[in-house]
Amino acid sequence: MQVEKQYFSQELLAWYRRGNRDLPWRQNKDPYRIWVSEIMLQQTRVDTVIPYFERFMANFPTVQALAEAPEEEVLKCWEGLGYYSRARNLQAGAKMVMERYMGIIPDDKDAVSSLKGVGPYTTGAIMSIAFNRPEPAVDGNVMRVLSRYFCLEDDIAKPSTRVGIEKLAGGLIPEGAAGDFNQALMELGALVCTPKSPSCLPCPVMEHCAARMAGRETELPIKTKAKPPRHEYRLAVIVEGVAEHAGKVLVRQRPDTGLLAQMWELPHLLLEGDKSGLFAESAPKEQGELAEAAIRMLETDAGLLIRPTGWFADADHIFSHIHWRMRVYAADMGIVASELAAESAALYLTRGQTDEAAAGVAGLEDERQERYRWIAREEMDKLPFPNLFLKLLNEYWIRKS
DNA sequence: AAGGCGGGGCG
DNA sequence: CGCCCAGCCTT
């Protein structure tokens, strides 16, 4: 086993040093750049990260710049990248580095590990890549590569397996080459020892790969399947403004915690029970009920009386744990011209057009921490939206023009 | 140990 | 379509 380990470490390191990808965060060893890149790379592919990394570093080139930036700007820079708590944690970490270490990321494992959003993998990555400390950095790539090379049959979905592989990986780090070796391990996983069909022939360590020798390289690693996401049926509305809000659309900000925290979105509501029938085909009666539900939501939450004008789109969006099926209605503020009672029209005039309603929900209980705002197309550039709503809004404005 | 937490790309 | 991706946090 010692022979196989030494062979693995030497050959893999040599392979990496013969040539590796020219990635933006490999330009230098600035710990801040390494830190930002590693947070972005959590559960996210290299090709996806590259443009985000460039833009982020241009906007927030130093720990201090990030620490002092408005949170909404940081989120906006993260828009579309997903797992938005990473952005908030990163900024919280930057503030901590400013306060405790005068803006200098310390060459100290425990200090790095204590930063928000920095777990075992990222700690090892920062310590090894930025400071060349011999700490393992075990991610999905490393678990896959080592599971195959050593023919390990432990379920890599179990936390205990990662701990074991960390011990193994730590023992493989060549003297004085922690940063290069850890990156080599991940580079091999990304380019050669890929999940589906590994390219064993060009692999620098194929000769002693246990899984390969057993013909089991496609069976490993073993990983229990994730549970399928649960379905949620949601009804959203695109409300067009009138008068001073003409040409604008109503949006709202999500609560400070939980799914898509603090991101902006179209107003929508969760439909209780199984509404799959309603989404399947047109059912006039139920469609009317849905429209009423939308009206009630915005009257209660935003003090606005809207008039749904028709179907806009159906959209599916799959998160890791929830599958949203969304029906989107268009709506306007055409109450006055509608057949609704005069007192409703009066309510619309007194509440629907006040500044309070435009700015938010002042005067109403704000238990959901939801804030409403009318925005023009250009104003989308300032507010962070998750991709699913970004697509719907862009589609709306394309059709409008 | 299990579940919450995005979004995209690939076979 | 399913599966995976340079994971972490809370419970």
Side-chain angles (χ1 to χ4, degrees), chain A residues 20-21 23-26 34-53 75 78-90 92-93 113-126 128-130 136-145 155-163 165-166 169 179 181-191 193-199 218 221-230 232 254-255 257-263 265 315-324 384-391:
Chain A
N20 54 60
R21 289 176 292 177
L23 302 174
W25 45 89
R26 287 179 178 170
I34 306 299
W35 180 21
V36 171
S37 71
E38 291 301 340
I39 298 298
M40 286 190 173
L41 286 161
Q42 289 169 6
Q43 299 289 278
T44 313
R45 284 183 168 72
V46 165
D47 290 339
T48 304
V49 165
I50 288 174
Y52 281 92
F53 179 80
L75 268 182
W78 211 270
E79 181 184 78
L81 199 53
Y83 287 136
Y84 299 98
S85 67
R86 292 185 296 174
R88 278 189 299 278
N89 288 339
L90 183 57
S113 176
S114 73
L115 298 173
K116 274 196 171 187
V118 177
Y121 163 74
T122 308
T123 300
I126 294 174
S128 62
I129 299 171
V138 174
D139 66 347
N141 280 321
V142 175
M143 288 199 283
R144 182 174 60 256
V145 168
D155 182 357
I156 65 168
K158 290 166 134 41
S160 58
T161 301
R162 198 211 71 233
V163 174
I165 294 184
E166 274 174 351
F181 177 74
N182 283 346
Q183 292 184 86
L185 215 32
M186 295 185 277
E187 190 101 336
L188 188 76
L191 301 180
C193 198
T194 51
K196 292 290 185 183
S197 54
S199 315
T218 56
I222 290 168
K223 184 178 184 179
T224 56
K225 279 186 243 177
K227 275 181 25 180
R230 67 175 183 273
E232 283 186 7
R254 294 180 59 84
T257 58
L259 183 67
L260 302 170
Q262 291 174 272
M263 303 291 285
E265 65 179 5
D316 276 67
H317 188 79
I318 302 174
F319 302 95
S320 337
H321 57 306
I322 312 175
H323 182 158
W324 276 6
F385 288 88
N387 262 15
L388 71 160
F389 292 112
L390 217 47
K391 287 178 184 168

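What you are looking at is a predicted structure, and each value in this text was computed from that prediction instead of being measured. Protein chains get the first letters and strands the later ones, always in sequence-line order, with residue 1 at the start of each.
If you take CD of A:Glu38 and P of C:dC5, they are 15 Å apart, rounded to a whole angstrom. Going from atom CE of A:Met143 over to atom C1' of C:dC5 covers 11 Å, rounded to whole Å. Between the CG atom of A:Asp139 and the P atom of C:dC5 there is a distance of 8 Å, given to the nearest Å. One atom, CG of A:Leu191, and another, P of C:dC5, lie 14 Å apart when rounded to the nearest Å. Rounded to whole angstrom, the span from the CZ atom of A:Arg88 across to the P atom of C:dT10 amounts to 12 Å. Rounded to an integer number of Å, the gap from NZ of A:Lys223 to P of C:dG2 is 16 Å.
Rounded to a whole angstrom, the distance from the P atom of B:dG9 to that of C:dC8 is 23 Å. Using P as the reference atom, C:dT11 and B:dG6 are 16 Å apart when rounded to the nearest Å. If you take atom C1' in B:dG8 and the same atom in C:dC9, they sit 23 Å apart, rounded to whole Å.
In terms of phosphate contacts, A:Thr122 brings a side-chain nitrogen or oxygen within less than 4.0 Å of OP1 or OP2 of C:dC8. The shortest distance between the side-chain N/O atoms of A:Arg144 and the OP1/OP2 oxygens of C:dC5 is below 4.0 Å.
To the nearest 0.5 Å, the span separating CD on A:Gln183 from CZ on A:Arg21 amounts to 9.5 Å. Atom OG1 of A:Thr123 and atom CD of A:Glu38 lie 10.5 Å apart (nearest 0.5 Å). With rounding to the nearest 0.5 angstrom, the CD1 atom of A:Ile34 is 9.5 Å from the CZ atom of A:Arg26. Within the model, atoms CG of A:Leu185 and CZ of A:Phe181 stand 5.0 Å from one another, a figure rounded to the nearest 0.5 Å. Note that the CZ atom of A:Arg230 and the CZ atom of A:Phe319 stand 10.5 Å from one another [nearest 0.5 Å].
Nearest approach of A:Lys223 to A:Ala157, heavy atoms of both residues: CG-CB, 4.1 Å. A:Trp324 and A:Ile322 make their closest contact through CD1-CG2, 3.5 Å (heavy atoms, listed as atom of the first residue, atom of the second, distance).
A:Ile126 comes within 4.0 angstrom of no nucleic acid atom, judged by non-hydrogen atoms across all strands. Looking at heavy-atom distances under 4.0 Å, A:Trp324 makes no contact with the nucleic acid at all. Within the 4.0 angstrom heavy-atom criterion, only backbone atoms of the sugar-phosphate kind lie near A:Val118; the bases stay farther away.
Taking a pair as Watson-Crick or G-U wobble with both distances under 3.5 Å, the runs of three or more consecutive pairs in DNA chain B are B:1-5 with C:7-11, B:7-11 with C:1-5.
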For every nucleotide of nucleotides 2-11 of chain B, 5' to 3': is a protein heavy atom under 4.0 Å from its base (B), only from its sugar-phosphate (S), or from neither (-)?
-SSBBBB---
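Of the N and O atoms on the side chains of A:Tyr121 and A:Gln42, not one donor lies less than 3.5 Å from an acceptor on the other residue. Checked by atom type, the side-chain pair A:Arg86/A:Asn89 shows no donor-acceptor distance below 3.5 Å.
Of the candidate nucleotides C:dC3, C:dA6, C:dC8, C:dA6 has the atom lying nearest to any side-chain atom of A:Leu41.
Looking only at distances, no side-chain donor or acceptor of A:Arg162 sits under 3.5 Å from a matching main-chain atom of A:Val138.
Position along DNA chain C of the nearest nucleotide to A:Arg21 versus A:Leu115 favours A:Arg21 as the more 5'-ward residue.
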